[in-house]
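First comes the structure, then the notes that go with it.
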Amino acid sequence: MPDRSRSEVAFAAALRVLPGGVDSPVRAFKAVGGEPPVIDRGEGAYLVDLDGNRYVDYVCAYGPLILGHAPAAVVRALELAARKGTAFGAPTELETALAERVVAAVPSIEKVRFVSSGTEATMTAIRLARGYTGRNKVLKFAGCYHGHSDGLLAKAGSGVATLALPDSAGVPASYAAETLVAPFNDVDAVRQVVERHGDDLAAIIVEPVAANMGVIAPAEGYLQALRTLTSEAGALLIFDEVISGFRVARGGAQTLYGVMPDLTCLGKVIGGGLPVGALGGPESIMEFLAPSGPVYQAGTLSGNPLAMTAGIVTLDALAEPGFYESLDARAARLAEGLRDAAGQAEIPCVVSRVGSIQTAFFRETAPTDYVSAAASDTSRYGQYFHAMLDGGVNLAPAQFEAMFVSAAHDEAAIEETIVAATHAFASLRTTAGRR
Ligand code: HOZ
């Protein structure tokens with residue numbers, strides 16, 4: 001096992017002043033045991049911890065870093081932008097420039113509101129849907145995660161699933177009562193909810209590619225069925241493309257599957273590694289937002305010039321011909337290598353992939369919803385996770401997250417990962433579990 005003594009000292013100091021030692025729960029390794037390496041820097045496809053250990057990184061900040069760590073063009077642009085000032089609380093041309101790029105790429109979006117996180121984007125989209133329709137209820141799907149706002153934590157994936165919390169403490173029952181939950185990929189369940197609550201249903205919100213219970217693709221026709229049912233009920237369809245946007249395709253999952261939502265939530269990639277979220281949709285709905293309309297939303301650092309700059313440079317790189325084809329090929333090679341490595345070791349493991357996001361589930365067959373994802377062998381995932389970390393590969397410390405492949409993951413990084421995985425899977429045959 002690599003020496004991580006400096007990380008241990010730094011994490012002990014963090015525990016003294018930060019709850020759980022972290023600012024976001026998944027980082028604390030609760031699901032896999034042990035303590036996290038404390039990071040010094042990122043370089044392309046690699047992370048380097050305080051002890052100088054290097055890891056091929058598939059967390060990529062949970063999605064934003066589609067160009068890898070510290071890409072030269074983004075860093076250069078940020079240096080120049082910072083010299084001009086880091087926040088103004090007033091309009092800049094940068095907001096318009098990033099919005100124009102989003103509108104050009106995402107087919108259902110005519111107007112955009114920038115916020116500072118994906119949580120703000122989904123929270124605002126829900127308020128806008130309620131203001132627009134004059135209705136209250138929202139349907140979400142078990143295992144889909146839409147950030148940590150009160151109304152959206154019911155049966156949430158990501159860290160809530162990882163920590164096995166039913167929901168979150170601190171959410172009034174009256175709030176939660178406005179959120180309806182159905183299983184992902186089950187059209188009949190949605191039909192029943194619409195029949196029962198259709199008159200008061202403001203919106204259905206869905207991750208069109210689920211990525212917070214591990215990566216699960218929508219079943220054939222599922223998104224189209226959601227589109228039809230919401231239109232018939234007079235409710236809005238909200239795609240949470242915070243992860244899938246500019247990731248599974250330049251125009252997101254709506255382009256990949258050819259289904260147009262009313263509202264789209266974005267984040268992660270559009271901020272190029274800085275804090276950005278956004279919601280967008282047709283002008284007729286977006287103009288309900290203040291100051292044009294009655295639905296209030298605001299933010300001191302919304303449209304922040306540094307964040308807009310990183311987003312612009314990143315989206316321009318993604319517009320280069322062949323970008324997504326090349327990313328897809330690398331991710332496919334990784335998935336194939338992981339499948340082969342698990343197969344050689346006779347470990348039940350299925351790799352579920354959509355474009356550059358994928359999850360190795362420790363179970364025999366690909367899950368289709370939260371119940372089947374949750375039936376994965378999470379303790380084996382924990383053993384695999386630690387074997388990979390010790391072998392120089394950084395994965396999310398939880399079964400219910402995605403692996404993110406970036407443009408910086410070249411052939412050498414991918415092959416290094418497959419070698420580490422071959423050793424890791426082989427070790428699972430003999431290791432009963434050490435943590
Ligand atoms: N949506 C991300 C995880 N799936 C957020 C990362 C976090 O919870 O820290």
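Counting starts at 1 for both ligands and their atoms, following the listed order.
- Applying the 4.0 Å criterion to heavy atoms of Val26 picks out, from ligand 1, the atoms 7 (C), 9 (O).
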> Which is it for Arg6 and Glu8 under the salt bridge (charged side-chain N to carboxylate O under 4.0 Å, His left out) test, yes or no, and what are the steps along the way?
Replying inline: CA-CA 5 Å; Arg6 287 188 180 202; Glu8 282 166 24; over 6 Å; no
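- Contact annotation for His148 and ligand 1: no heavy atom of the residue comes within less than 4.0 Å of the ligand.
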>> Before you tell me yes or no, could you show the steps for Tyr58 and Phe404 under ring pair (Phe, Tyr, Trp, His ring centres under 6.0 Å), namely the whole-Å CA-CA distance, both residues' side-chain angles and the distance that decides it to 0.1 Å?
In response: CA-CA 5 Å; Tyr58 291 97; Phe404 294 91; 9.9 Å; no
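- Closest of all the heavy-atom pairs between Ala217 and Asn185 is O-ND2, 3.3 Å.
- Both the sub-6.0 Å distance and the 45° axial angle are satisfied by Arg54 relative to the ring of Tyr46.
- Residue contact check: Ser24 has heavy atoms under 4.0 Å from atoms 7 (C), 8 (O), 9 (O) of ligand 1.
- Each of the following atoms of ligand 1 lies closer than 4.0 Å to a heavy atom of Lys268: 1 (N), 2 (C), 5 (C).
- Close contacts between ligand 1 and Glu401 involve ligand atoms 3 (C), 4 (N) [criterion: under 4.0 Å to a heavy atom].
- Sorted by first then second residue, the side-chain hydrogen bond (donor to acceptor under 3.5 Å, both in side chains) pairs that include residues 116-129, not counting sequence neighbours, number zero.
- Residue Tyr62 places no N or O, backbone or side chain, under 3.5 Å from any N or O of ligand 1.
- Under a 4.0 Å criterion applied to the non-hydrogen atoms of Asn212, ligand 1 contributes the atoms 1 (N), 3 (C), 4 (N).
- The environment of NE2 in His69 is crowded: more than 12 heavy-atom neighbours from other residues, nucleotides or ligands sit within 6.0 Å.
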